[in-house]
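Have a look at the structure below, then the notes.
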Amino acid sequence: MLLGAIEAGGTKFVLAVGNQEGDILDKLTIPTERPDQTIPKIVAYFKDKGIKKLGLGAFGPIDLNQKSPTYGQLQKTPKTAWVDYPLGAVLQEKLSVPVVIDTDVNVAAMSEAKFGNATDVDSCLYITVGTGIGGGFYYRGQTLNGLSHPEIGHIKVPRHPDDRYQGTCPSHGDCLEGLAAGPAIEKRWGRKGDQLVDVAEVWEMEAFYLAQALMTFIYVLSPERIILGGGVMKQKQLFPLIRKYVLEMLNGYVSSPYLTADQIDQYIVAPGLTDEAGIKGALYLVMD
């Protein structure tokens, strides 16, 4: 049985066909444009693929309450053309298949737990740092959703003492996303991150902010592994800096072998599935 999968991100949609074993058989990436531009491309891709179900990992905020009349509807997203757009219902109607929905970061956490760098633990926190910052939490077979879904990119973090940048978040200004996402790096320093690779203070400040957030999540969620993905985290010099700051900030308060200098490189890690975590997680949503 062929299955469809969509990773709907803020900058691109990844469309794929897979099977019950979790194999990706075909894949296409299209830009995230307005719904009237994007949806026809999705329909055209899946039209003759013969899929029986569709898994959707979407950017948010999105209604994930399956009892809600607006299940699968995007909410107050920064992508203004998509605000209140009934993405799940539209896909189900146009493709005539059942659609199962979660956030893009929740499905990435799930796929890392099933296929990637968290197969040996019962819980993991997946955080993407790119054009925005989002996170998903996997715990013993399920992702975390409740009143809504986690919006961890919008927590407040203490400011770096040398940072005077006001922040980019349109809702909160200097939340984590407003201070540490890719656009904040570019606007603060005047160049994109990939043009600042050798400027040490850029990555020291970035690691300071991300480590503040990880410290909070370790205290609140106690994940058995933290996985950091997204475009900003392709700057591999960030990992040792973040680990160093996390150990300093925790100051030995949480007792675990993983939270020591010897083992923290096994605790805060890159995705095992590299850029396929999201799309494989979306596929896993509809695997039996």
Side-chain angles (χ1 to χ4, degrees), residues 4-16 28-47 51 53-110 126-128 130-137 143-156 167-178 181-184 230 278-279 281-282 285-286:
I6 298 177
E7 178 188 6
T11 58
K12 66 181 184 295
F13 274 58
V14 182
L15 320 176
L28 174 70
T29 300
I30 61 174
T32 302
E33 301 173 295
R34 297 191 314 271
D36 62 331
Q37 298 170 295
T38 306
I39 298 299
K41 294 176 183 177
I42 296 172
V43 174
Y45 173 78
F46 284 114
K47 181 176 62 175
I51 63 170
K53 292 184 281 188
L54 177 68
L56 169 65
F59 63 90
I62 186 169
D63 184 355
L64 296 178
N65 181 358
Q66 295 189 19
K67 298 177 182 178
S68 168
T70 56
Y71 173 62
Q73 180 169 306
L74 291 159
Q75 297 169 331
K76 192 181 177 183
T77 171
K79 306 287 290 184
T80 54
W82 293 84
V83 171
D84 294 332
Y85 187 78
L87 180 58
V90 168
L91 291 173
Q92 185 160 307
E93 176 191 355
K94 292 188 176 296
L95 297 175
S96 300
V97 295
V99 178
V100 181
I101 307 165
D102 207 334
T103 64
D104 51 353
V105 280
N106 262 348
V107 300
M110 183 185 297
Y126 181 97
I127 299 174
T128 182
T131 53
I133 296 180
F137 185 58
T143 57
L144 177 63
N145 293 304
L147 179 67
S148 181
H149 48 79
E151 284 285 359
I152 69 174
H154 295 277
I155 66 167
K156 286 285 188 176
T168 59
C169 177
S171 297
H172 310 112
D174 60 350
C175 61
L176 177 64
E177 180 174 292
I279 194 62
L285 285 175
V286 287

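In this chain, numbering begins with 1 at the start of the sequence shown.
Taking the charged nitrogens against the carboxylate oxygens, Lys41 and Glu33 do have a contact shorter than 4.0 Å, which makes a salt bridge.
Nearest heavy atoms, Val286 versus Lys53: O-NZ, 3.2 Å.
In this structure, the side chain of Thr32 engages the main chain of Gly9 through a donor-acceptor pair within 3.5 Å. Panel note: side chain Glu177, backbone Gly153; no donor-acceptor pair is recorded below 3.5 Å. Formation of a donor-acceptor pair under 3.5 Å by the Gln37 side chain with backbone atoms of Arg34 is found in this model. Checked by atom type and distance alone, the side chain of Lys79 pairs as donor or acceptor with a backbone atom of Gly10 at under 3.5 Å. A donor-acceptor contact shorter than 3.5 Å is absent between the side chain of Asp102 and the backbone of Ala282.
Atom CD1 of Ile155 is separated from atom CG of Leu176 by 5.5 Å, given to the nearest 0.5 angstrom. In this structure, CD1 in Ile101 is found 8.0 Å from CD in Gln92, a value given to the nearest 0.5 Å. Here the OG1-OH distance, from Thr143 to Tyr126, works out to 14.5 Å after rounding to the nearest 0.5 Å. A distance of 9.5 Å separates CG in Leu74 from OH in Tyr85, rounded to the nearest 0.5 Å. Between atom CZ of residue Phe13 and atom CG of residue Asp104 there is a gap of 10.0 Å, rounded to the nearest 0.5 Å.
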Please evaluate residues Ile6 and Val14 with respect to the criterion side chain to side chain contact (heavy atoms under 4.5 Å, CB included), reporting the C-alpha separation (whole Å), side-chain torsions for both, the decisive distance (0.1 Å), and the verdict. CA-CA 6 Å; Ile6 298 177; Val14 182; over 6 Å; no
Test side chain to side chain contact (heavy atoms under 4.5 Å, CB included) on Thr38 and Ile30; report intermediate values, then the result. CA-CA 8 Å; Thr38 306; Ile30 61 174; 4.0 Å; yes
Determine all donor-acceptor pairs shorter than 3.5 Å in which one atom belongs to a side chain in residues 54-67; sequence neighbours excluded.
unit_1, atom_1, unit_2, atom_2, d
Asp63, OD1, Asn65, N, 3.0
Asp63, OD2, Ser68, OG, 2.6
Asp63, OD2, Thr70, OG1, 2.6
Asn65, OD1, Lys67, N, 3.0

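In this structure, Asp84 has no side-chain hydrogen bond (donor to acceptor under 3.5 Å, both in side chains) partners at least two apart in sequence or on a different chain. Under the rule for a salt bridge (charged side-chain N to carboxylate O under 4.0 Å, His left out), the partners of Lys156 that lie at least two apart in sequence or sit in another chain are Asp174.
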